Amino acid sequence: MRFRTWLVLLIGVASLAALGPLPVSAQDGAATFKTKCSACHGAEGQGKIGPALKGTSLSADDIANLLTKGDDAKKPPHKKALNGVSDGDAKAIAEFVKTLK
Ligand code: HEC
C-alpha cells in the first residue's frame with residue numbers, strides 16, 4: 001500500500017516535470033498552438049515546414065488523436081505522440097485549429 005502511494009506520487013511529480021512549469025489550461029489552445037505548433041505550421045496555420053492546417057478537413061477529434069497518440073503513417077514529429085501535450089491541451093489546440101480559416 002505504502003509503496004504504491006509513493007509510486008503514484010512519484011509518477012505524478014515526474015509527469016508534471018515533463019510537462020513543464022504548469023499544465024496548460026484547456027482554454028489556452030491558441031497560446032499552446034503558438035508555442036508548440038506554429039514553428040512548423042505557421043502562426044495562422046498557413047503552413048511552413050509542416051502542411052497548412054487552416055481549413056483542414058480533419059475533425060477536431062482526428063487532430064487531437066494525432067497529437068496524443070501519433071500516427072505511424074505520418075512523418076515525424078507525428079509518428080508518435082507530441083511531448084508535453086496532454087489530452088486537455090490536444091482538445092483545446094484541435095478546437096483552435098478548427099477556427100483557423
Ligand atoms: C517539427 C515540426 C512540427 C511540429 C512542431 C508540429 N507539426 Fe504537425 N506536421 C508536421 C509535418 C512535417 C506534418 C506532415 C506529416 C505527414 O504528412 O506525414 C504535419 C502534419 C500535421 C497534421 C496533419 C495534416 C493533414 O492534413 O494531414 C496535423 C493536424 C498537425 N500536423 C497538427 C499539429 C499541431 C496541432 C501541432 C502542435 C501541437 C503540430 N502539428 C506540431 C510538422 C510539425
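Given the structure is predicted, the values throughout are model-derived calculations rather than measurements. Note that ligands are numbered from 1 as they come in the structure, with each ligand's atoms numbered from 1 the same way.
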Student: Quick check on Lys34: does its NZ atom have over 12 non-hydrogen neighbours (other residues, nucleotides or ligands) under 6.0 Å away?
Tutor: no

Student: Applying ring-ring contact (aromatic ring centres under 6.0 Å, His included), which residue pairs with at least one partner in residues 80-101 are found, sequence neighbours left out?
Tutor: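 Residue pairs passing ring-ring contact (aromatic ring centres under 6.0 Å, His included), neighbours aside: Phe33-Phe96.
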
Student: With sequence neighbours excluded, give me every side-chain hydrogen bond (donor to acceptor under 3.5 Å, both in side chains) pair touching residues 52-68.
Tutor: Ser59-Asp62, Asn65-Lys69

Student: Report, as yes or no, whether the 6.0 Å neighbourhood of atom CD on Gln46 holds more than 12 heavy atoms from other residues, nucleotides or ligands.
Tutor: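 Enclosed.
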
Student: Before you tell me yes or no, could you show the steps for Leu82 and Lys36 under side chain to side chain contact (heavy atoms under 4.5 Å, CB included), namely the whole-Å CA-CA distance, both residues' side-chain angles and the distance that decides it to 0.1 Å?
Tutor: CA-CA 9 Å; Leu82 284 183; Lys36 300 236 178 238; 5.7 Å; no

Student: Are the side chain of Lys74 and the backbone N or O of Lys79 linked by a donor-acceptor pair below 3.5 Å?
Tutor: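 Looks like no, no N/O pair under 3.5 Å.
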
Student: Is there any protein N/O under 3.5 Å from an N/O of ligand 1, and what does the full list of such pairs look like?
Tutor:
unit_1, atom_1, unit_2, atom_2, d
ligand 1, 7 (N), His41, NE2, 2.7
ligand 1, 7 (N), His78, NE2, 2.8
ligand 1, 9 (N), His41, NE2, 2.8
ligand 1, 9 (N), His78, NE2, 2.8
ligand 1, 18 (O), Lys75, N, 2.7
ligand 1, 27 (O), Lys74, NZ, 3.0
ligand 1, 31 (N), His41, NE2, 2.8
ligand 1, 31 (N), His78, NE2, 2.8
ligand 1, 40 (N), His41, NE2, 2.7
ligand 1, 40 (N), His78, NE2, 2.8

